[in-house]
Amino acid sequence: MKTIYLDNNATTKVADEVMEAMLPYFTELYGNPSSMHTFGGQVGQRIRDAREQVAALLGASPEEIVFTSCGTESDNSAIRSALMTRPDKKHVVISRVEHPAIHALCSHLGSQGYKITELPVDKNGILDLENLEKSMTPDTAIVSLMWGNNETGVIFPVEEAARLAHEKGILFHTDAVQAAGKIPINMKNNVIDMLSISGHKLHAPKGIGILYIRRGTKYSPFLIGGHQEKGRRGGTENAPGIVGLGRACELAASNMEKENTYVRRLRDKLERELLNKISQSRVNGDIVNRLPNTTNISFEFVEGEAILLLMNELGICASSGSACTSGSLQPSHVLRAMGVPFTMAHGSIRFSLSVYNTEEEVDFVIDKMPAIIERLRGMSPFWKQAGQSGGVQ
Ligand code: PLP
């Protein structure tokens with residue numbers, strides 16, 4: 001059975017070009033970049049090249065890039081650094097729809113005596129910047145808001161938010177794990193202090209990420225050890241991962257246009273056809289301010305997990321809520337924050353596409369989904385209670 005992979009916000013296929021770039025660093029070029037000998041030194045040179053490739057995607061300078069192990073490490077490091085470098089300040093502002101890499105960390109910090117403000121979003125997942133302005137106090141160390149939401153794709157106005165934070169002398173971090181490579185980012189045009197990226201969301205492997213730290217930003221390392229990354233992150237560099245991420249960023253920079261047209265067209269077709277063919281279905285999140293590859297659709301009166309199981313039988317991969325929250329039967333915190341009604345939130349499926357998806361795959365999904373929903377609604381007591389029948393058009 002062919003796999004139709006529509007779960008690219010969970011993780012992506014490693015691009016062939018990325019794999020090819022990485023392979024020599026497992027086989028022949030396995031030296032330690034910190035070694036004095038030429039054998040290790042040549043790996044160091046390649047890491048410098050990769051740093052430049054990553055910086056180019058972000059419109060940043062290479063020395064502003066710190067390699068980490070993942071988006072979670074980058075997010076954690078940014079918040080903790082702000083609190084370490086501003087020890088007199090005990091307040092952190094985030095939104096209610098952040099990824100657990102920020103959300104769970106902040107819950108933990110809350111239990112350690114820090115004050116956490118979680119900004120609400122409206123029914124479309126949009127953030128009100130007036131609420132942000134009101135939330136910041138002289139005690140605020142950092143504001144951290146995601147650039148693109150992993151569940152709905154909704155884009156936050158982070159550049160504007162960073163300006164507002166700066167006016168009050170507050171640091172600003174953004175989790176750009178889902179945005180990077182999908183929408184243009186140019187750090188020269190904004191005042192964002194720190195930004196997180198994860199390799200496995202943009203066709204590089206798992207286990208590599210970056211934290212962008214704007215030149216001049218005080219930084220306190222999270223991993224303390226060797227002098228790697230100019231003392232900003234101890235630990236021998238993941239050379240193959242770094243080389244792979246560099247190549248992936250280079251590809252993303254040149255494919256961005258394609259992503260914005262080809263992937264968006266496929267996503268829009270999938271969304272339009274599913275909404276047309278299946279009654280009581282709707283998109284969660286703003287449909288304009290959105291990453292080009294993501295659609296989150298609720299099918300009322302059915303369980304997302306049950307939909308996923310039937311899709312899985314046909315080789316179709318997607319998510320209900322975010323990959324990190326599936327397994328729990330609670331509707332996702334993102335949909336709850338948006339006030340999506342319970343019967344809708346439970347039946348939500350996130351489809352996230354990539355440049356590797358084809359029109360035939362999308363047509364297959366459009367063809368199969370109505371029968372899946374009809375079958376499940378036929379078994380749903382809620383659907384029957386609501387007096388519905390023949391839900392699929
Ligand atoms: N932030 C967002 C928005 C994400 O979607 C994810 C992963 O799903 C992360 C952070 C965590 O990244 P990683 O899996 O590299 O730790």
Side-chain angles (χ1 to χ4, degrees), residues 5-14 18 54 65-80 94-108 118-119 121 125 127 144-156 158 161 173-183 185 192 194-212 222-223 233 235 238 241-242 244-245 248-249 252 284-285 289-296 317-328 332-335 337-338 350-354:
Y5 189 74
L6 301 179
D7 205 11
N8 288 277
N9 287 8
T11 196
T12 59
K13 164 190 152 72
V14 174
V18 168
V54 175
I65 306 299
V66 174
F67 289 109
T68 64
S69 68
C70 59
T72 302
E73 184 191 324
S74 303
D75 284 350
N76 273 243
S77 305
I79 303 275
R80 286 186 182 277
I94 62 171
S95 81
R96 279 193 196 152
V97 297
E98 296 300 313
H99 186 273
I102 291 288
H103 209 254
L105 168 70
C106 287
S107 301
H108 170 72
E118 292 184 15
L119 300 173
V121 293
L127 188 83
S144 177
L145 297 170
M146 68 202 317
W147 202 316
N149 187 277
N150 46 304
E151 295 192 34
T152 59
V154 171
I155 294 171
F156 276 171
V158 287
H173 164 257
T174 184
D175 174 338
V177 164
Q178 294 294 344
K182 294 178 189 147
I183 54 172
I185 294 178
I192 294 167
M194 291 182 276
L195 170 145
S196 306
I197 290 187
S198 172
H200 74 104
K201 310 288 186 180
L202 72 158
H203 305 291
K206 294 155 191 69
I208 186 71
I210 68 118
L211 180 65
Y212 160 92
F222 183 41
L223 286 192
R233 200 260 184 190
N238 170 3
I242 289 173
L245 179 57
C249 287
N284 297 309
N289 261 316
R290 195 166 44 146
L291 299 173
N293 77 321
T294 309
T295 178
N296 186 311
C317 309
S319 271
S320 67
S322 83
C324 306
T325 55
S326 65
S328 110
S332 88
H333 71 288
V334 175
L335 300 184
M338 290 161 59
R350 176 191 68 187
F351 300 93
S352 48
L353 286 69
S354 84

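Order of appearance sets the numbers: ligands from 1, and atoms from 1 within every ligand. Bear in mind the structure is a predicted one, so any value in this text is a computation, not a measurement. Along the sequence shown, residues are numbered consecutively beginning with 1. Just so you know, these numbers use all the heavy atoms, side chains as well, and skip hydrogens, waters and symmetry mates.
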- request: Without swapping roles, check the side chain of S352 against the backbone of N8 for a donor-acceptor pair under 3.5 Å.
  value: yes

message: Would N9 count as a polar contact of ligand 1, with the cut-off being nitrogen or oxygen pairs under 3.5 Å?
response: no

query: Between the side chain of T12 and the main-chain N/O of H200, is any donor-acceptor distance below 3.5 Å?
result: yes

query: Any donor and acceptor pair, going by atom type alone, linking the side chain of N296 with main-chain N or O of E151 inside 3.5 Å?
result: yes

message: Heavy-atom distances under 4.0 Å decide this one: backbone, side chain, both or neither, for H200 against ligand 1?
response: side chain

statement: ligand 1 to S198, heavy atom cutoff 4.0 Å, flagged ligand atoms 13 (P), 15 (O)

task: Heavy-atom distances under 4.0 Å are what count here, so tell me which part of D175 touches ligand 1: side chain, backbone, both or neither.
output: side chain

task: Dump the intermediate steps for side chain to side chain contact (heavy atoms under 4.5 Å, CB included) on E118 and E98, then the final yes or no.
output: CA-CA 9 Å; E118 292 184 15; E98 296 300 313; over 6 Å; no

- request: Check N149 against ligand 1 and report side chain, backbone, both or neither, counting heavy atoms closer than 4.0 Å.
  value: neither

field: Numbering as shown, the atoms of ligand 1 that approach M146 to under 4.0 Å (heavy-atom distance)
entry: 3 (C)

query: Does an N or O from C70, backbone or side chain, lie closer than 3.5 Å to an N or O of ligand 1?
result: no

- prompt: So is E98 close enough to ligand 1, meaning a heavy atom under 4.0 angstrom away?
  reply: no

- request: Find all atoms of ligand 1 within a distance of less than 4.0 Å from any non-hydrogen atom belonging to N150, and give their numbers and elements.
  value: 3 (C), 5 (O)

message: Taking 4.0 angstrom as the limit and counting only heavy atoms of Q178, give me the atoms of ligand 1 inside it, by number and element.
response: 3 (C), 4 (C), 5 (O)

- prompt: Any donor and acceptor pair, going by atom type alone, linking the side chain of D175 with main-chain N or O of I102 inside 3.5 Å?
  reply: no

query: With no hydrogens and no angle check, is any side-chain donor or acceptor of H203 less than 3.5 Å from a backbone partner on K13?
result: yes

- request: Could you tell me whether the side chain of T174 and the main chain of L145 form a donor-acceptor pair under 3.5 Å?
  value: yes

